[in-house]
J.: 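The following block contains the structure, expressed as structure tokens.
Along the sequence shown, residues carry numbers from 1. In this text, all values refer to a predicted model and were calculated from it rather than measured experimentally.
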Amino acid sequence: MKLAPRLAVLLAAAVVSATACAPQTSDNSSSGKDEKSGTLRVWLFQEVDTKPKEKVVDAVLADFEKAHEDTEVSVEYIPVETRAQRIKAAFNDPKSAPDVIEFGNTDTAGYVKDGGLADVTEEFGAWDEAKDTDPTARQSVTVDGKVYGAPYFVGVRALYYRTDVFGELDLDVPRTLAEVASTAKQVRAAKPGLYGLAVGGAYTYGAMPFIWANGGELATGKGGSYAAAIDSAAARKGIEAYTSLFGDDNCPAAKCAGMGGNDTVTAFASGKAAMAIGGDFSHQAVEAGTVKGKYAVVPLPGVEPGSVAPAFAGGNNIGVLKSTSHRTLAVDLMKRLASKKAQADLFEAMGFLPTFTDVRQQVAKEQPFVKPFVDTLAAGTKFVPASPAWATIDSSQVLPTMFQEVVSGKKDVDAAAGDAAKKMDAAFGSAG
């Protein structure tokens with residue numbers, strides 16, 4: 001699925017609906033056992049086509065079982081859409097729980113709060129390959145300075161643009177966010193049937209780079225203490241930059257305010273937009289569209305020429321459940337599944353970007369389409385607050401509501417951002 005579009009949307013959202021309604025975990029303490037044989041259970045995510053992933057995983061399991069006599073591994077590929085309920089239930093029932101799981105990287109803090117993930121700080125620190133993990137990927141498995149898994153793959157977004165339209169209108173590739181906006185409006189003026197830049201009021205991860213590039217943050221703090229920063233002067237400047245793209249001179253609010261990330265990529269792929277902010281995981285969908293052979297990708301520029309707007313680093317991790325009775329074996333299997341070789345093979349099979357910087361540079365040489373996304377990662381990415389409150393914030397649509405209130409004219413930027421900050425602070429406070 002190349003970090004499938006549905007997963008890109010669900011990275012922060014699929015888990016959250018169950019977070020609010022699932023029962024509190026009650027029996028997820030360590031088993032106290034560390035058996036060196038027997039059967040290990042693994043839950044990984046289903047993909048649009050899981051077979052290529054299965055081949056990579058099966059090769060890892062064959063080596064693992066060869067290295068550990070009297071040991072077998074049972075893998076179940078679970079639907080992404082129902083993973084929240086399955087994993088929360090596993091935290092509540094260790095007897096039927098897996099030993100190793102795949103999970104979205106924004107899920108970490110919530111799962112740690114639930115007491116479901118094992119602290120593998122010592123083992124991760126002793127793992128030779130871990131030193132090449134990129135900092136943002138490592139942050140996604142870290143809560144309060146402790147490590148609760150191994151990064152599995154990462155995905156980021158960049159700027160797709162139509163080379164045929166740019167050539168016809170004699171347009172230069174934008175070097176700043178301001179030029180992205182002005183170029184979008186030039187396209188719209190010359191070709192009223194096209195969106196200059198497809199944007200969406202519900203496209204949180206497409207809007208975040210505008211906030212970060214202008215020096216804003218979603219929140220400040222760390223550990224169990226976060227405070228909203230979405231209403232800071234810098235963040236408001238970014239909100240203004242993003243919401244100014246909604247209008248008849250680019251992407252009409254009546255059509256674009258409700259659009260999400262998939263909608264904007266679909267608009268681009270179908271030839272209805274000259275530009276869009278899409279992920280490495282969007283490449284397959286664009287290639288299958290009418291713009292095949294007529295587009296290129298560059299990192300989304302920042303405020304200053306030559307800079308890159310910080311992108312959200314999405315992706316998945318592999319973790320060990322605290323309740324496992326095979327801790328040593330489970331940690332070894334976690335490392336093997338998330339190893340450099342396995343990540344390189346997973347990229348080859350599925351297109352998932354590796355979390356190791358050296359492996360990522362190698363695959364970029366082999367597959368040119370990866371380069372703008374690798375360059376975006378190298379320029380520095382951002383992550384959501386490592387707080388279980390993020391699930392509530394995301395499921396409550398706090399940021400999309402803020403953007404849509406501004407786009408609709410219901411509130412100005414200051415009022416919408418202020419209200420969003422209050423909602424975020426309430427969620428942070430409730431998270432404890």
J.: Please report the C-alpha distance between Y148 and Y111 in whole Å, then the side-chain angles of each, then the deciding distance to 0.1 Å, and finally whether the ring pair (Phe, Tyr, Trp, His ring centres under 6.0 Å) criterion is met.
T.: CA-CA 9 Å; Y148 291 90; Y111 287 176; over 10 Å; no

J.: Between E405 and A416 (side chain of the first, backbone of the second, donor and acceptor by atom type, cut-off under 3.5 Å), is there such a pair?
T.: no

J.: Tell me the closest heavy-atom pair linking P52 and M350, and the distance in Å.
T.: CB-SD, 3.5 Å

J.: Is the closest side-chain heavy-atom distance between F246 and V199 below 4.5 Å?
T.: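 The answer is yes; the side chains approach within 4.5 Å.
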
J.: Count the heavy atoms of every other residue, nucleotide or ligand shown that sit under 6.0 Å from NZ of K365, and state whether that count exceeds 12.
T.: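 Atom NZ in K365 is not packed in, count stays at 12 or less.
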
J.: Taking side chain as C-beta onward, heavy atoms only, is V320 less than 4.5 Å from D99?
T.: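 A side-chain contact is absent here, since even the closest heavy-atom pair is not under 4.5 Å.
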
J.: If you measure from CZ on F91 to CD1 on I101, what distance do you get to the nearest 0.5 Å?
T.: 5.0 Å

J.: Measuring only between side-chain heavy atoms, which start at C-beta, is L194 closer than 4.5 Å to V165?
T.: yes

J.: Taking side chain as C-beta onward, heavy atoms only, is V154 less than 4.5 Å from L377?
T.: yes

J.: Would you call K371 and D375 a salt bridge, using N to O less than 4.0 angstrom?
T.: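 Yes, K371 and D375 are salt-bridged.
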
J.: Tell me if the CZ atom of R175 is crowded by more than 12 foreign heavy atoms within 6.0 Å.
T.: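 No - once you tally the heavy atoms of other residues, nucleotides and ligands closer than 6.0 Å, there are 12 at most.
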
J.: Centroid-to-centroid, F347 to F352, below 6.0 Å?
T.: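 For F347 and F352, the ring centres are not under 6.0 Å apart.
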
J.: Got a salt bridge between K146 and D144, using NZ or NE/NH1/NH2 to carboxylate O under 4.0 Å?
T.: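 No salt bridge links K146 with D144.
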
J.: Can you list every pair that meets disulfide (SG to SG under 2.5 Å) and has a residue in residues 246-319, with sequence neighbours left out?
T.: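 Qualifying pairs, neighbours excluded: C251-C256.
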
J.: Looking only at the side chains, is there a donor atom on one of E129 and S339 sitting less than 3.5 Å from an acceptor on the other?
T.: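 No donor-acceptor contact under 3.5 Å links the two side chains.
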
J.: Show every salt bridge (charged side-chain N to carboxylate O under 4.0 Å, His left out) that has at least one partner inside residues 244-263, sequence neighbours left out.
T.: K185-D249

J.: Treating R41 as the side-chain partner and S96 as the backbone partner, does any N or O pair qualify as donor plus acceptor under 3.5 Å?
T.: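 Yes; at least one donor-acceptor contact below 3.5 Å.
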
J.: Might you work through the side chain to side chain donor-acceptor pair (under 3.5 Å) test for T355 and T133, ending with a clear yes or no?
T.: CA-CA 6 Å; T355 64; T133 300; 5.0 Å; no

J.: Just so I know, are the side chains of P135 and Q139 near enough to count as touching, which here means a heavy-atom distance under 4.5 Å?
T.: no

J.: Given 3.5 Å as the limit, does a donor-acceptor pair link the side chain of T142 with the main chain of G145, or not?
T.: no

J.: So how far is it from E366 CD to Q361 CD, rounded to the nearest 0.5 Å?
T.: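 Taking CD in E366 and CD in Q361, the distance rounds to 12.0 Å.
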
J.: How many angstroms lie between CG in L61 and CD in E54, if you round to the nearest 0.5 Å?
T.: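 Between L61 CG and E54 CD, I get 10.5 Å after rounding to 0.5 Å.
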
J.: How far does CE of M424 sit from CE of M402, to the nearest 0.5 angstrom?
T.: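 Reported value, rounded in 0.5 Å steps: 8.5 Å.
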
J.: Between Y295 and F268, what is the ring plane arrangement, given parallel below 30°, perpendicular above 60°, and tilted in between?
T.: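 It falls in the perpendicular class, over 60°.
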
J.: Is the backbone of V180 close enough, under 3.5 Å, to the side chain of T183 for a donor and an acceptor to pair up by distance?
T.: no

J.: Do E123 and K335 pass the salt bridge (charged side-chain N to carboxylate O under 4.0 Å, His left out) test, and can you show the C-alpha distance, the side-chain angles, and the key distance before you say yes or no?
T.: CA-CA 9 Å; E123 293 94 336; K335 291 190 290 185; over 6 Å; no

J.: Verify salt bridge (charged side-chain N to carboxylate O under 4.0 Å, His left out) between R138 and D134, making sure each step is shown before the conclusion.
T.: CA-CA 6 Å; R138 177 163 185 150; D134 78 55; over 6 Å; no

J.: Salt-bridge test for R86 and E76: reply yes if a basic N is under 4.0 Å from a carboxylate O, no otherwise.
T.: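 Result for this pair is yes, salt bridge flagged.
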
J.: What closest approach, in Å, do A431 and S387 show between heavy atoms, and which atom pair accounts for it?
T.: CB-OG, 4.2 Å

J.: Under a 3.5 Å distance rule, please check whether D425 uses its side chain to pair with a backbone N or O of K422 as donor and acceptor.
T.: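 Side chain of D425 to backbone of K422, a donor-acceptor pair under 3.5 Å: no, none is there.
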
J.: Using a 4.5 Å cut-off on heavy atoms from C-beta on, say whether the side chain of L171 contacts that of Q186.
T.: yes

J.: When rounded to the nearest 0.5 angstrom, what distance separates OH in Y203 from CG in N262?
T.: 8.5 Å

J.: If you apply the rule salt bridge (charged side-chain N to carboxylate O under 4.0 Å, His left out), what do you find for K51 with D49, and how did you get there?
T.: CA-CA 6 Å; K51 292 188 184 302; D49 178 5; over 6 Å; no

J.: How about F428 and P385: do any of their side-chain heavy atoms sit closer than 4.5 Å?
T.: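 Yes. Closest side-chain heavy atoms under 4.5 Å.
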
J.: Does a side chain donor of either T290 or S270 reach within less than 3.5 Å of an acceptor in the other side chain?
T.: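 No - no donor-acceptor pair under 3.5 Å links their side chains.
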
J.: Tell me whether E287 at atom CD has more than 12 heavy atoms from other residues, nucleotides or ligands lying less than 6.0 Å away.
T.: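 Atom CD in E287 is packed in, count exceeds 12.
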
J.: Are the charged groups of D119 and K322 less than 4.0 angstrom apart, N to O?
T.: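 The answer is no: the pair does not qualify as a salt bridge.
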
J.: Would you call D114-K88 a salt bridge at under 4.0 Å N-O?
T.: yes

J.: Backbone N or O of K410 within a donor-acceptor pair of the S408 side chain at under 3.5 Å?
T.: yes

J.: I need the minimum non-hydrogen distance between G238 and N214, along with the two atoms involved.
T.: CA-ND2, 3.6 Å

J.: Does D419 come within less than 4.0 Å of K423, counting only side-chain N to carboxylate O?
T.: no

J.: State plainly whether the residues D280 and R157 are in salt-bridge range, i.e. N to O under 4.0 Å.
T.: no

J.: Between I277 and G206, what is the shortest heavy-atom contact and its length?
T.: CD1-O, 3.8 Å

J.: For K411, does the NZ atom sit with more than 12 other heavy atoms under 6.0 Å from it, leaving out its own atoms?
T.: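 More than 12 heavy atoms, drawn from other residues, nucleotides or ligands, come within 6.0 Å of this atom.
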
J.: Is there side-chain contact between E304 and T176, with at least one heavy-atom pair below 4.5 Å?
T.: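 No, every pair of side-chain atoms sits at 4.5 Å or beyond.
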
J.: For the CZ atom of F45 and the CZ atom of F103, what is their distance to the nearest 0.5 Å?
T.: 9.0 Å

J.: Could you check whether atom NZ of K341 has more than 12 heavy atoms from other residues, nucleotides or ligands sitting under 6.0 Å from it?
T.: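 It does not: K341 NZ has 12 such atoms or fewer within range.
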
J.: Could you report the tightest heavy-atom contact between Q343 and P354, atom names first, then the distance?
T.: OE1-CA, 3.2 Å

J.: Judged by modelled atom types alone, do E102 and Y77 share a side-chain donor-acceptor pair under 3.5 Å?
T.: no

J.: Tell me the closest heavy-atom pair linking A273 and A198, and the distance in Å.
T.: CB-CB, 3.8 Å

J.: Main chain of Q46, side chain of T50: is a donor-acceptor contact present, judged purely on distance under 3.5 Å?
T.: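 Such a contact is absent between T50 side chain and Q46 backbone.
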
